[in-house]
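Remarks on the structure that follows.
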Amino acid sequence: MDAEASGTRLGPTGPAGLAARAGRKEWTAFVVLLLPLLLVSMDVSVLFFAIPSITRELDPSSTQQLWIFDIYAFALAGLLITMGSLGDRIGRRKLLLFGAAAFGVASVGAAYAQSAEMLIAARAVLGIGGATLMPSTMALIRTMFTDTKQRSRAVGVWSGAMAGGIALGSVMSGVMLEHFWWGSVFLINVPAMVLLLVLVPFLVPEFKDPRPGRFDLLSVPLSMGAVLPVIYGVKEMAAHGFGVPMLLCVLAGPAVGTVFVRRQRSGRSTMISRALFRERGFGAGITLNALAAFAMMGSAYFTTQYLQSVLGMSTMEAALWSMAPSVAVGIAAPAATAVAQRVRRSSVVAAGFVIAAAGFAVLDLTGTDSLWLLLAGAAVSSCGIVTVMALVADMALATAPAEKAGSAASLLETGQEFGGAMGMAVLGSIGTAVYRAGIPASAPGQARQTLGGARAAGGPGLVDLARAAFVHGMHFAAAGGAVLLLAGAVLTVVLLRDRRNAVGHEAAVAAAPAAQRS
């Protein structure tokens, strides 16, 4: 049964099967789809300013406070693969509307939570809603924009909006808390979700796999077991240092992941289609995207602490300054996709890694009073990273069959979650080890743990020593990140050496019989 007979739309086509260019309706729908993307990425950082007020109002324990922060990211990361596969089966627009409704209701629940337990539960539902929204929006872009140049442009804007949303979340939180109570940071979501629920049915067509097969329920816990232990263990080691229990937790993820992969390879009706990996560009895209996320989160780990702890800025002031590199990022992603339409894509991706490495090299030049140098390094590295992420995401989506776009998007985003967690853990651990080596053994224990602890425990002499030790640790981490990014450039050339220019390659894919790509 073909797509038209099943009532499923797989994207507009023009004469002789050529991809039709999207018009005003599709671009309007795309703008609407950016709303949930911005809000989901903002919710990662929206609590940065609100947590002191929440602590006063709800009196959470230290463990509950950690879960208020982390449960959102855990639910989001653990369910991305499941929701991407579900969207391919029931329809991406339908899943998007369900996620928007859940996100809106959970936002109200979080805003008016009367206890820490209620807030944790609401944040968990927000994570579930976020897991439906992110792959749905990217998959809809894949199927709404069948013209190569237009889709590349849309994915570039999508990538820039996602990166900017994280920075915007903390600033928006600070602005709201200047005038309203802590629950207002969640109520920001509600008008946008209502607008989404009203406009999406009129603007966004439905897309789903006409032959999805049976939904593999057993793969749901297996996919979560492969992802969550690793992210949890890595986050805990980044925060509290190496420990055997957390190491076992990290190792449990690959063990469960092995079972999950074997099931996907051998099962008749699986959560992840084997057709996705027939094109080498898809697996390469996931790998390179994860590497870029590693660098992005590793850089953010140091720059935010530098602004607050080294320069002594208030949280609000630091958040506003951290927005400065986002201006460059907003320009870099669309510009990179435009260049990639004229130049070999692998060359542009490799150049993105080299640019990001140059940004890390600039961070290696900072001292204890180098605001502009820090912002310049962050802007350059962010431009390089978002260049890589935009191009490899577009490449991976283009090589995936249109009916599997939800699964493809979810795998990309899951790899990104892995890469980000590893970046914070690995580069953060390098910086922490160097910092501790630079603090005398006679210093108070809390000063040896963090720069914030040194500020709380010591006089000006100890604080100056701790600031220098932190910057020294950042130098080592930045050097390690630069080496890794240069390795990413080499890896790009190796993995994508046979890839042609995006337009030529994807035209060949589009011309191939559908049966060969299913």
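Note that the structure is a prediction, hence the values are computed from the model and not measured. Only heavy atoms go into these numbers, but all of them, side chains included; no hydrogens, no water, no symmetry mates.
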pair T287-L491: side-chain heavy atoms closer than 4.5 Å: yes

F302 and F470 aromatic ring geometry - parallel, tilted or perpendicular at 30°/60° bounds: tilted

Parallel, tilted or perpendicular: ring planes of F103 versus Y72, cut at 30 and 60 degrees: perpendicular

Full working for side-chain contact (heavy atoms from CB on, under 4.5 Å) between R344 and L496: CA-CA 10 Å; R344 190 181 181 92; L496 305 182; over 6 Å; no

Stepwise side-chain contact (heavy atoms from CB on, under 4.5 Å) test for L311 and L374: CA-CA 11 Å; L311 298 183; L374 178 90; 5.6 Å; no

Stepwise side-chain contact (heavy atoms from CB on, under 4.5 Å) test for L365 and L373: CA-CA 8 Å; L365 302 176; L373 202 58; 3.8 Å; yes

Tell me which donor-acceptor pairs under 3.5 Å the side chains of residues 288-298 have, and how far apart each pair is, sequence neighbours excluded?
unit_1	atom_1	unit_2	atom_2	d
N289	ND2	L412	O	3.3
N289	ND2	Q416	OE1	3.2

Report the distance from atom [atom1] of [X] to atom [atom2] of [Y], rounding to the nearest 0.5 Å.
{"X": "F353", "Y": "T492", "atom1": "CZ", "atom2": "OG1", "result": "4.5 Å"}
{"X": "L97", "Y": "L196", "atom1": "CG", "atom2": "CG", "result": "7.0 Å"}
{"X": "Y435", "Y": "T432", "atom1": "OH", "atom2": "OG1", "result": "9.5 Å"}
{"X": "L33", "Y": "T137", "atom1": "CG", "atom2": "OG1", "result": "6.5 Å"}

Verdict with reasoning, T387 to V348, per side-chain contact (heavy atoms from CB on, under 4.5 Å): CA-CA 8 Å; T387 294; V348 184; 4.2 Å; yes

Listed partners of S299 passing side-chain hydrogen bond (donor to acceptor under 3.5 Å, both in side chains), at least two apart: none

Please list, one pair per line, the donor and acceptor atoms closer than 3.5 Å that link side chains of residues 472-488 to other protein atoms, with sequence neighbours excluded.
unit_1	atom_1	unit_2	atom_2	d
H475	NE2	D364	O	3.4
H475	NE2	T366	O	2.7

Qualifying residue, where the test is side chain to side chain contact (heavy atoms under 4.5 Å, CB included) with S136 and the options are L95, V200, I141: L95

Heavy atoms of other groups near F30 CZ, more than 12 under 6.0 Å: yes

